[in-house]
Asker: 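Sharing a structure with you now.
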Amino acid sequence: MGYVAELNTGNKMPVIGLGTGAPAYQYEEIKAAVGVALQVGYRHFDTASYYGSEGALGASLTEAFQRGDVKREEVFVTTKLWDDEHDDPPAAITKSLKHLQLEYVDLYLIHWPLRLRKGYTLPPKEEDFLPLAIKSTWQGMEKCFELGLTKAIGLSNFSCKKIEDLLNYCKIPPAANQVELHPMWQQKKLRDYCRKMKIQVCAWSPLGAPKTPWGSNVVMDNPVIKEIAQKHGKSTAQVVLRWGIDKGVCALPKSFNKGRITENFQVFDWCLTAEDHEKMSKLEQRKILRGEDLVNSTTSPYRTIEELWDGEI
Ligand code: A2P
């Protein structure tokens with residue numbers, strides 16, 4: 001299982017999880033990748049109702065449970081409430097659980113601090129944005145927890161400011177915040193704040209999502225990281241993931257390739273030096289997925305990306 005992080009619920013989250021952000025038509029590929037990951041030792045899987053991978057993940061896990069390879073309680077599964085599901089989180093998680101063939105998930109997150117109308121398509125148009133109602137959305141999330149549909153609830157893509165607002169009124173504090181985080185977007189302020197508030201930070205696109213339309217090769221092609229990797233006889237991806245672990249972050253690398261799934265899990269029996277960390281702390285910072293599509297001057301709750309991220313960009 002590798003290392004685990006303890007959540008404020010007392011539950012344990014393995015620090016490396018398989019990201020499964022892929023469209024539903026990749027069903028067989030996703031299903032096979034989850035099977036490989038289970039064999040390699042992964043016990044943490046991340047999906048979302050938006051991705052379309054819940055069905056394939058659920059099918060692969062169900063087969064593994066039936067074979068007796070692994071027990072339900074040994075696997076940590078996260079899914080997320082999509083932007084057009086804010087009105088009824090218990091109904092949304094019930095739908096996700098059906099796709100996943102599970103009775104509960106381990107963590108349920110608000111995917112974005114954003115509410116969109118049903119039937120919209122991405123990127124959202126002016127008429128798709130609805131006024132934010134995070135307080136009532138969170139109350140719906142708390143209901144999911146109370147109903148036993150999830151072992152923990154949390155956030156995704158929330159700034160320190162947005163978390164602080166929520167902490168002022170919540171009955172159940174968030175257990176985690178899943179955000180873009182990698183050596184080129186280190187988010188020190190958010191990490192420090194979340195540590196203080198006992199909120200586990202998880203990294204989506206911990207490799208910077210190379211070779212994808214929304215991502216970039218800046219992390220994987222960075223010469224400083226490459227040089228550190230060469231020195232240790234490790235891959236760039238392994239150095240990036242080990243860096244995250246050392247920072248107390250749970251990382252969710254996505255790969256559907258057997259070799260890379262395996263490689264991304266081989267990060268527990270070696271470590272980076274203080275000098276490596278010092279070098280990586282100086283890397284130029286720039287968020288890759290900035291959310292330009294999520295802001296406008298009329299209907300979005302955010303007029304600018306600075307407002308979306310509360311200046312933390
Ligand atoms: P693939 O599925 O072909 O392995 P992120 O996790 O940051 O979102 O990045 C996902 C992207 O990185 C995918 O395109 C994935 O491709 C690729 N990837 C995952 N692991 C590695 C690795 N160890 N080395 C190189 N590319 C990787």
Side-chain angles (χ1 to χ4, degrees), residues 1-17 19 43-48 73-81 89 93 104-113 134-183 185-206 241-253 267-268 277 281 287 309-313:
M1 185 191 273
Y3 301 174
V4 293
E6 188 167 328
L7 302 182
N8 60 17
T9 53
N11 292 339
K12 295 194 167 62
M13 174 193 271
V15 300
I16 293 286
R43 294 292 179 265
H44 179 175
F45 297 89
D46 182 82
T47 183
E73 58 273 24
E74 291 167 348
V75 182
F76 192 102
V77 179
T78 299
T79 194
K80 312 184 192 86
L81 178 89
I93 196 174
Y104 67 90
V105 285
D106 297 276
L107 180 62
Y108 193 46
L109 307 176
I110 299 181
H111 206 145
W112 285 89
I134 295 290
K135 187 171 178 181
S136 73
T137 304
W138 189 252
Q139 284 166 347
M141 299 292 284
E142 290 175 333
K143 186 89 192 149
C144 296
F145 177 82
E146 285 158 3
L147 289 168
L149 303 174
T150 182
K151 300 273 183 210
I153 49 177
L155 308 167
S156 182
N157 300 302
F158 273 57
S159 64
C160 298
K161 163 80 170 58
K162 286 185 178 60
I163 298 172
E164 200 179 345
D165 290 347
L166 187 133
L167 288 175
N168 281 327
Y169 57 72
C170 67
K171 207 163 68 179
I172 303 169
N177 186 29
Q178 190 185 121
V179 293
E180 179 185 334
L181 196 148
H182 44 70
W185 191 240
Q186 301 190 4
Q187 304 239 51
K188 182 163 182 344
K189 179 178 163 188
L190 186 78
R191 281 190 281 114
D192 289 347
Y193 179 73
C194 286
R195 189 179 307 112
K196 198 167 109 195
M197 295 303 167
K198 300 192 170 22
I199 298 169
Q200 178 62 44
V201 174
C202 305
W204 58 256
S205 286
L241 296 171
R242 182 69 223 195
W243 171 89
I245 293 171
D246 289 351
K247 298 290 179 203
V249 168
C250 291
L252 306 163
V267 288
F268 300 112
H277 275 285
S281 72
K287 188 168 182 1
W309 303 108
D310 298 301
E312 299 166 24
I313 187 159

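As the structure is a computational prediction, the values presented were derived from the model and not from experiment.
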Asker: Given 3.5 Å as the limit, does a donor-acceptor pair link the side chain of Asp106 with the main chain of Lys151, or not?
Answerer: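 No; judged by distance alone, with no hydrogens or angles, the pair does not exist.
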Asker: I'd like to know if the side chain of Glu312 reaches the main chain of Cys160, judged simply by a donor and an acceptor atom lying under 3.5 Å from each other, with no hydrogens or angles considered.
Answerer: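 The answer is yes, because a donor-acceptor pair under 3.5 Å joins these two groups.
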Asker: Do any N or O atoms from the side chain of Trp185 and from the backbone of Ile313 form a donor-acceptor pair under 3.5 angstrom?
Answerer: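 Not a single qualifying donor-acceptor pair exists.
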Asker: When you measure from the side chain of Gln187 to the backbone of Glu180, do you find a donor-acceptor pair of N or O atoms at a distance under 3.5 Å?
Answerer: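 Side chain of Gln187 to backbone of Glu180: a pair is present.
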Asker: Decide side-chain contact (heavy atoms from CB on, under 4.5 Å) for Leu252 and Gln178; before the verdict, give the C-alpha distance in whole Å, the side-chain angles of both, and the deciding distance to 0.1 Å.
Answerer: CA-CA 10 Å; Leu252 306 163; Gln178 190 185 121; 3.3 Å; yes
Asker: What I'd like to find out is whether the side chain of Ile16 reaches to under 4.5 Å of the side chain of Ile245, using heavy atoms alone.
Answerer: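 Ile16 vs Ile245: side chains touch.
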Asker: So Phe158 and Leu190, do their side chains get closer than 4.5 Å, heavy atoms only?
Answerer: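 Sidechains of Phe158 and Leu190: no contact.
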Asker: Can you confirm whether Tyr169 sits close enough to Ile134 that some side-chain heavy atom of one is under 4.5 Å from a side-chain heavy atom of the other?
Answerer: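 Yes - at least one pair of side-chain heavy atoms lies under 4.5 Å apart.
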Asker: Is it true that a side-chain atom of Arg191 and a backbone atom of Gln186 form a donor plus acceptor pair closer than 3.5 Å?
Answerer: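 Judged by distance alone, yes, a pair lies under 3.5 Å.
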Asker: Are side-chain N/O atoms of Asn157 and Trp204 paired as donor and acceptor at under 3.5 Å?
Answerer: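 A donor-acceptor contact under 3.5 Å links the two side chains.
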Asker: Decide yes or no for Leu109 and Leu107: does some side-chain heavy atom of the first lie under 4.5 Å from some side-chain heavy atom of the second?
Answerer: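 They are in contact (side-chain heavy atoms under 4.5 Å apart), so the answer is yes.
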Asker: Are Tyr108 and Thr79 side-chain neighbours, meaning at least one heavy-atom pair lies under 4.5 Å?
Answerer: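 In contact.
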Asker: Decide yes or no for Leu81 and Met141: does some side-chain heavy atom of the first lie under 4.5 Å from some side-chain heavy atom of the second?
Answerer: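 Contact flag for Leu81/Met141 side chains = yes.
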Asker: Are Asp192 and Arg195 close enough, and set up right, to give a salt bridge (charged side-chain N to carboxylate O under 4.0 Å, His left out), and what steps lead you there?
Answerer: CA-CA 5 Å; Asp192 289 347; Arg195 189 179 307 112; 3.2 Å; yes
Asker: Might you confirm whether atom NZ of Lys143 has over 12 heavy atoms from other residues, nucleotides or ligands at distances under 6.0 Å?
Answerer: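 No.
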Asker: Would you say Asn8 and Met197 make side-chain contact, with heavy atoms under 4.5 Å?
Answerer: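 In short, these two side chains do not touch, never coming nearer than 4.5 Å.
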Asker: Check for a donor-acceptor pair, side chain of Arg43 on one end and backbone N or O of Glu74 on the other, with a separation under 3.5 Å.
Answerer: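 Pair absent, no side-chain N/O of Arg43 close to backbone of Glu74.
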Asker: Could you go step by step and tell me if Asp46 and Lys80 meet the salt bridge (charged side-chain N to carboxylate O under 4.0 Å, His left out) rule?
Answerer: CA-CA 9 Å; Asp46 182 82; Lys80 312 184 192 86; 2.7 Å; yes
Asker: Leu181 versus Lys247: any side-chain heavy-atom pair under 4.5 Å?
Answerer: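 They are not in side-chain contact.
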Asker: Given 3.5 Å as the limit, does a donor-acceptor pair link the side chain of Gln200 with the main chain of Gly248, or not?
Answerer: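 The answer is yes, because a donor-acceptor pair under 3.5 Å joins these two groups.
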